[in-house]
Amino acid sequence: MNKEALLRAKEAYIIESECIKEMAEHFDEEVFSKAVELLKNAPRIGSCGCGHSGIICQHFAHLMCCIDQPARFISPAEAVHGATGFLQEGDVMVFASRGGKTKELLPILDICKKKGVKVISITENMESPLALGADVVIKQYVNRETDKYNCQGTTSSTSLAVIFHVLQTALIEETDFKNEQFAVVHPGGAVGERLNSK
């Protein structure tokens, strides 16, 4: 590995760790409380995003299922071809888009509004269509991406994942979720073995 590549690699740890630290300073208690309340009371939860955001939204849906909050990632491509039928009035859709203008998501936002589905948007752009059309907007904070061009979805993916982790952490407390419940849905792997060993 050349010297520049090694320096960039080490710098990536610093960039991402600083982002997480600075995110805590931007934490909005009122907004997070509203988001947690919506998710807690939702019969079903959808999540949707494109590219890196979409991949992290899949992770979020899994996090929700792990604490008995029924959730599904809805592909932006499939959403406008019937997949939004999963969502009913009173459910919650979580959109993630750093710029808040992702064209593939805007028709899905319209569908949610027509169906009476509550919307949580996560974005940096508080004046974007996804922010203005949401019931709750969580402001995403990103210092910079780790690559020298500040283009790849690296730190922004970490930032989004941390927001989802914080939401799940709060929901575990709000719903009084027990490890015994997790043992039922997670009998596999080392975690399942530990949970079910008693």
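The figures here come from the full heavy-atom set of this structure, side chains too, leaving out hydrogens, waters and symmetry mates.
Applying the side-chain contact (heavy atoms from CB on, under 4.5 Å) rule to Val191 yields the partners Phe182, His186, Arg194, Leu195; only residues at least two apart in sequence or on another chain are considered. Remark: Ser157 engages no residue in a side chain to side chain donor-acceptor pair (under 3.5 Å) (not counting sequence neighbours). Residues meeting the ring pair (Phe, Tyr, Trp, His ring centres under 6.0 Å) test with His81, sequence neighbours left out: none. Every residue meeting the side-chain contact (heavy atoms from CB on, under 4.5 Å) condition with Phe86, not counting sequence neighbours, appears here in chain and number order: Arg44, Arg72, Ile74. Residues meeting the ring pair (Phe, Tyr, Trp, His ring centres under 6.0 Å) test with His62, sequence neighbours left out: none. In this structure Asn2 satisfies the side-chain contact (heavy atoms from CB on, under 4.5 Å) test together with Glu4, Ala5, sequence neighbours excluded. Checked against side-chain contact (heavy atoms from CB on, under 4.5 Å), Glu29 has the following partners two or more places apart in sequence or in another chain: Phe27. Under the salt bridge (charged side-chain N to carboxylate O under 4.0 Å, His left out) criterion, Glu18 pairs with no residue, sequence neighbours left out.
Met1 belongs to a hydrophobic cluster with Leu6, counting contacts under 4.5 Å between side-chain heavy atoms of Ile, Leu, Val, Met, Phe, Trp and Tyr, direct or through other members. Cluster note: Val137 groups with Met126 through ILVMFWY side-chain heavy atoms spaced under 4.5 Å, whether in direct contact or through intervening members.
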Might you work through the salt bridge (charged side-chain N to carboxylate O under 4.0 Å, His left out) test for Glu37 and Lys34, ending with a clear yes or no?
CA-CA 5 Å; Glu37 194 65 22; Lys34 288 178 181 176; over 6 Å; no
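When atom types are taken as modelled, the side chain of Gln181 and the backbone of Lys178 share a donor-acceptor pair closer than 3.5 angstrom. Of the possible donor and acceptor atoms, none in the side chain of Asp91 sits under 3.5 Å from a partner among the backbone N and O of Leu87.
Linking ILVMFWY residues whenever their side-chain heavy atoms come closer than 4.5 Å, directly or via other members, leaves Leu167 and Leu130 in distinct clusters.
Among pairs with a residue in residues 145-163, those fulfilling salt bridge (Lys or Arg N to Asp or Glu O under 4.0 Å) read Arg98-Glu145, at least two apart in sequence or across chains. Identified under the salt bridge (Lys or Arg N to Asp or Glu O under 4.0 Å) test for residues 99-121, with sequence neighbours left out: Lys113-Asp135.
Two residues are said to be in side-chain contact when any heavy atoms from C-beta on lie closer than 4.5 Å; Gln88 and Pro43 fail this criterion.
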